[in-house]
Protein chains: 2
Amino acid sequence: MELVAPPTRRDRKKLATRRALQWAALGLVADRGYANVTVEEIAEAADVSARTFFNYFPSKEAAVIGHDPDLFDTLHDAVIERPAGESAFEAVRAVVRVRSERFAQEADGVTGDPGEWFRRMKTVQTDPHLRAAHAAHTAAYERVIVTAVAERLGTDPEIDPYPALLAAAAVAASRIAVVYWAKGGGVGTPAPLTDAAFVALAGGLAADGQLAAALAGLRGTDPQAGRSQNRKEACS
Amino acid sequence: MELVAPPTRRDRKKLATRRALQWAALGLVADRGYANVTVEEIAEAADVSARTFFNYFPSKEAAVIGHDPDLFDTLHDAVIERPAGESAFEAVRAVVRVRSERFAQEADGVTGDPGEWFRRMKTVQTDPHLRAAHAAHTAAYERVIVTAVAERLGTDPEIDPYPALLAAAAVAASRIAVVYWAKGGGVGTPAPLTDAAFVALAGGLAADGQLAAALAGLRGTDPQAGRSQNRKEACS
DNA sequence: TGGAAATCTGCGGTCAGTGCAATGTTATAC
DNA sequence: GTATAACATTGCACTGACCGCAGATTTCCA
């Protein structure tokens with residue numbers, strides 16, 4: 001009853017194994033830290049052999065991060081296929097916004113436990129090794145946007161820096177919005193924060209005055225976040 | 001005759017070994033690709049044991065990327081110690097600008113061969129593994145700026161997203177400026193490009209009109225860059 | 001000149017990641 | 001329903017990154 005091709009039993013098993021590995025990897029790492037979990041243990045928890053693990057993910061990092069093999073192609077196409085009337089800026093904003101929303105949906109979706117999901121996300125942002133892996137992933141994301149924007153504009157990204165700047169701003173806005181959305185407890189969707197970050201970045205970071213509204217939007221979404229810490233504080 | 005402490009023989013040897021390892025790593029990787037160079041070969045080329053390699057660098061990547069252990073502390077302090085009259089925006093811009101310039105100076109400095117230096121930089125930007133490592137390094141750079149800005153402003157970066165946005169924009173501007181400066185052959189310093197990227201990012205990405213001047217600045221610096229490619233072109 | 005301290009190195013070990021070949025499982029043709 | 005092709009799983013053996021340790025060597029300083 002699917003749209004394109006009914007997924008066969010093989011496909012279903014494959015997807016299940018993939019999810020099991022990913023979920024096991026995240027869980028174990030959240031419990032014990034990235035360095036204290038072996039691939040063998042992850043595979044064990046998902047009830048497959050260690051060798052099979054590497055048939056699904058190219059590295060231990062990839063399983064924890066949750067690398068979707070054709071996400072990037074999808075994003076590329078999404079930028080290209082936005083209405084021709086839209087500026088590149090609008091097209092990228094729309095695509096990134098949708099991506100943030102879909103990402104947030106996973107918090108509820110994968111299991112019925114958003115709290116567990118947030119715990120694991122926090123791990124990814126905390127562990128040094130995983131932070132590095134995530135940064136690499138984000139950079140790849142950005143590269144996809146660069147080439148898509150250049151293609152859309154018909155310019156050569158090797159010469160025209162505009163696609164690079166736009167992609168950097170867009171990906172940064174998305175990334176920061178999701179982080180602060182999660183810090184605020186993950187209420188609703190990060191889309192308004194994404195928009196606010198876009199406004200802040202693209203509308204003029206320097207003009208502190210005109211920035212206030214956008215930042216108020218970013219801050220205001222998490223009313224329960226304690227302000228006890230909102231004082232000067234050195235962080236080592 | 002140094003300012004703080006006369007470097008002892010030990011220090012000099014240590015620095016020399018460090019540089020030798022780094023230069024050997026970059027050279028071998030530029031020749032044969034990251035995956036086709038072993039730590040043992042790098043150590044061999046620098047005339048130390050493989051075990052000693054890991055006394056200098058925590059990983060193979062670090063040697064190629066050229067991780068300076070206390071660069072981040074320096075940058076943190078630089079942001080803090082900018083004149084109190086400056087806005088955070090101006091302070092960060094100044095620090096990032098200086099950093100870009102200093103980075104560019106290495107092109108001539110390390111050896112008398114800037115061409116060789118550019119060849120190796122290109123490798124870092126081309127090889128997937130090194131791109132990932134570089135992205136991770138850049139993310140760490142950005143984190144340092146975030147905490148420094150927050151400290152300077154006396155806000156908590158966990159709550160106030162402004163430091164994160166500013167740092168992201170600054171680091172992105174710096175990174176893109178250096179890349180396009182290098183693509184243009186590395187004439188002069190990347191500082192004007194950094195400024196232009198700052199203007200583009202901070203002054204309003206969306207307003208295509210007002211952006212034209214900044215981008216013209218970015219493009220115009222490499223007059224010899226062939227415009228034969230400056231046509232529509234899909235990049236797979 | 002004689003230690004004290006830092007550095008270099010070899011050794012043994014763990015674990016990530018890969019190619020290969022055997023085995024098991026699912027899909028398909030008849 | 002069975003044969004067979006296609007694909008997935010697994011074990012095995014191997015390379016190479018990386019670390020802790022302990023002994024040898026070099027550099028420093030009194």
Side-chain angles (χ1 to χ4, degrees), chain A residues 2 4-22 24-26 28-29 32-67 69 127-130 132-133 136-137, chain B residues 2 4-22 24-26 28-29 32-67 69 127-130 132-133 136-137:
Chain A
E2 294 300 312
V4 281
T8 165
R9 163 196 252 92
R10 218 178 244 170
D11 294 336
R12 270 179 281 131
K13 278 198 168 184
K14 229 166 130 72
L15 187 60
T17 302
R18 177 176 205 83
R19 280 213 225 278
L21 281 172
Q22 190 170 327
L26 254 177
L28 288 173
V29 168
R32 323 212 296 251
Y34 183 82
N36 301 320
V37 176
T38 70
V39 168
E40 197 151 6
E41 290 168 325
I42 298 171
E44 187 69 23
D47 205 39
V48 291
S49 79
R51 188 61 185 82
T52 298
F53 174 93
F54 289 106
N55 290 339
Y56 281 85
F57 296 99
S59 67
K60 195 169 111 183
E61 296 167 5
V64 181
I65 296 294
H67 178 62
D127 188 292
H129 198 112
L130 290 177
H137 187 260
Chain B
E2 294 298 313
V4 281
T8 164
R9 164 195 253 92
R10 213 177 248 170
D11 294 336
R12 272 180 280 129
K13 279 200 167 185
K14 222 164 136 72
L15 188 60
T17 301
R18 178 175 204 83
R19 281 214 224 276
L21 281 171
Q22 191 170 328
L26 253 177
L28 288 172
V29 168
R32 324 211 297 250
Y34 183 82
N36 301 320
V37 176
T38 70
V39 167
E40 197 152 4
E41 289 168 326
I42 297 171
E44 186 69 23
D47 205 39
V48 292
S49 78
R51 187 63 186 82
T52 297
F53 174 93
F54 289 105
N55 289 341
Y56 281 85
F57 296 99
S59 67
K60 193 170 113 183
E61 295 168 6
V64 181
I65 296 294
H67 180 61
D127 189 291
H129 198 112
L130 291 178
H137 186 260

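To find a chain, count down the sequence lines: A is the first, B the second, and so on, and within it residues start at 1.
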Nearest-0.5 Å distance, CD of residue B/Glu41 to CZ of residue B/Arg32: 4.0 Å

Rounded distance (nearest 0.5 Å) linking atom CD of A/Glu40 with atom CZ of A/Phe53: 12.0 Å

Interatomic distance, B/Asn55 atom CG to B/Lys14 atom NZ [nearest 0.5 angstrom]: 7.5 Å

Nucleotide C/dT7, atom P - distance to CZ of B/Arg18 in whole Å: 12 Å

Protein proximity profile, nucleotides 5-12 of chain D - base contact B, sugar-phosphate-only contact S, no contact -, cut-off 4.0 Å on heavy atoms: -BSSBBBB

Spacing of CZ belonging to B/Arg51 relative to OG belonging to B/Ser49, to within rounding of 0.5 Å: 8.0 Å

Spacing of B/Glu40 atom CD relative to D/dG16 atom P, expressed in whole Å: 9 Å

Whichever of B/Arg9 and B/Val39 has its nearest DNA chain D nucleotide further upstream toward 5': B/Val39

Heavy-atom closest contact (B/Val64 atom, B/Leu26 atom, distance): O-CG, 3.7 Å

Between D/dC19 (P) and A/His129 (NE2): distance, integer Å: 11 Å

Nearest-0.5 Å distance that lies between atom CZ in A/Phe57 and atom CD in A/Gln22: 5.0 Å

B/Asp11 CG to C/dA5 P, straight-line distance once rounded to whole Å: 17 Å

Spacing between B/Phe53 atom CZ and D/dA17 atom C1', to the nearest angstrom: 10 Å

Sidechain-backbone polar pair: A/Lys60 side chain, A/Ile42 backbone, donor-acceptor under 3.5 Å: no

Over all atoms of both residues, closest heavy-atom pair of B/Phe54 and B/Val39: CE1-CG1, 3.8 Å

Protein-nucleotides 1-3 of chain D N/O pairs under 3.5 Å:
none

Gap between atoms NZ and P, on A/Lys60 and C/dC15 respectively (whole Å): 9 Å

Spacing between A/Glu41 atom CD and C/dT14 atom C1', to the nearest angstrom: 12 Å

Value rounded to 0.5 Å, distance of CG in B/Leu21 from CG in B/Asp47: 10.0 Å

For atom CZ of B/Phe54 and atom P of C/dT14, their distance in whole Å: 18 Å

